[in-house]
Amino acid sequence: CNRQNTEQVRSFQFTEEDVLWVGRAVLPIANSLISMSRVIFSGDPSMTLKVFPVLLFGAKYGHLFTVWRLLATGFFGCFTLPRLYSCYSSHIHEKVEGLNARILNAWKSCPRKKLVAAAAVTTFWNLVSVKTRVMAAFVSAVALRYHYQYGRSSRNSEGVIQRQEQQQAMVLED
């Protein structure tokens, strides 16, 4: 049998237009991802506190997530969770406000607040692993930095407003 053993050679050639098209498609997405990552990892304490739970959860349980599970979770989240929230939002807010009121009343009526806080910290410290202690210390340091950065600025701005009101009152008196 006479068979011709010829292979068809396929050649792909990229033109300058193909490269420009890919660049126009990819570069805006890459720029937005880079700018978002700069905002997220800027070192701002408030952003660190917002991103920390997501990063910790991803580090702990990231091996369980596959592309299909992420797609299924995203599909479920996009279509089901907004509907559930719209149906039960008033009930959720009512329960949260009631729980906050109960906790605040219990804390205000507690005569030994420092003892309770020390016992809670000691219990936490003795029951968790070293890795969790390090993460808790990191979050505490970020929370303190956030408090010093933003808590003092709001107090200072209130003090500036009060001083300005006092100066205006003095001017009006003269």
Side-chain angles (χ1 to χ4, degrees), residues 10-101 103-104 107 117 120-121 124-125 127-165 167:
R10 296 181 182 176
S11 64
F12 294 103
Q13 291 183 344
F14 288 113
T15 63
E16 186 177 340
E17 291 178 13
D18 295 334
V19 174
L20 289 174
W21 180 80
V22 169
R24 284 187 204 113
V26 171
L27 284 178
I29 297 169
N31 284 336
S32 67
L33 288 175
I34 290 170
S35 66
M36 287 292 281
S37 66
R38 280 185 180 172
V39 169
I40 289 174
F41 299 110
S42 65
D44 183 36
S46 63
M47 186 57 75
T48 304
L49 290 174
K50 290 176 190 173
V51 173
F52 178 74
V54 175
L55 294 178
L56 185 63
F57 184 79
K60 185 87 171 159
Y61 300 107
H63 66 281
L64 297 175
F65 291 114
T66 63
V67 173
W68 293 112
R69 286 182 183 169
L70 285 174
L71 289 174
T73 305
F75 181 81
F76 175 77
C78 288
F79 293 108
T80 307
L81 293 178
R83 177 72 179 159
L84 289 174
Y85 182 75
S86 67
C87 290
Y88 298 108
S89 65
S90 62
H91 186 67
I92 292 170
H93 288 294
E94 182 181 306
K95 289 289 185 183
V96 168
E97 287 176 5
L99 186 62
N100 280 343
I103 290 172
L104 283 175
W107 185 253
V121 168
F124 172 78
W125 198 257
L127 292 179
V128 298
S129 66
V130 173
K131 184 171 80 171
T132 308
R133 291 176 190 169
V134 169
M135 298 309 284
F138 171 72
V139 169
S140 299
V142 170
L144 284 173
R145 183 175 170 207
Y146 177 80
H147 173 71
Y148 286 132
Q149 187 173 2
Y150 293 107
R152 288 186 176 180
S153 65
S154 67
R155 283 189 214 135
N156 289 342
S157 64
E158 290 172 3
V160 168
I161 291 171
Q162 288 175 353
R163 280 190 227 119
Q164 289 175 349
E165 289 175 355
Q167 288 174 354

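The figures that follow rest on heavy atoms only: side chains count, while hydrogens, waters and symmetry mates do not. Since we're looking at a predicted model, the values are computed, not measured.
The closest side-chain heavy-atom distance from L99 to K95 is not below 4.5 Å.
Listed by first and then second residue, the side-chain hydrogen bond (donor to acceptor under 3.5 Å, both in side chains) pairs involving residues 40-51 are D44-S46, D44-Y150 (not counting sequence neighbours). Listed by first and then second residue, the side-chain hydrogen bond (donor to acceptor under 3.5 Å, both in side chains) pairs that reach into residues 130-139 are S129-T132, sequence neighbours excluded. Counting only residues at least two apart or on different chains, the side-chain hydrogen bond (donor to acceptor under 3.5 Å, both in side chains) pairs with a member in residues 18-38 are T15-D18.
Separation of atoms OH (Y88) and CG (L84) is listed at 7.0 Å; rounding is to 0.5 Å.
By the side-chain contact (heavy atoms from CB on, under 4.5 Å) test, R83 is found to be paired with S86, C87, residues two or more places apart in sequence or in another chain being considered. Remark: S89 engages no residue in a side chain to side chain donor-acceptor pair (under 3.5 Å) (not counting sequence neighbours). For the side-chain contact (heavy atoms from CB on, under 4.5 Å) test, no residue two or more places apart in sequence or in another chain qualifies with V54. A search for side-chain contact (heavy atoms from CB on, under 4.5 Å) contacts involving V139 returns L49, F52, not counting sequence neighbours.
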Show me the donor-acceptor pairs, under 3.5 Å and distance only, between side chains in residues 55-80 and residues at least two apart or in other chains.
unit_1, atom_1, unit_2, atom_2, d
T66, OG1, R69, N, 3.3
R69, NH1, L64, O, 2.5
T73, OG1, R69, O, 2.7
T80, OG1, F76, O, 3.2

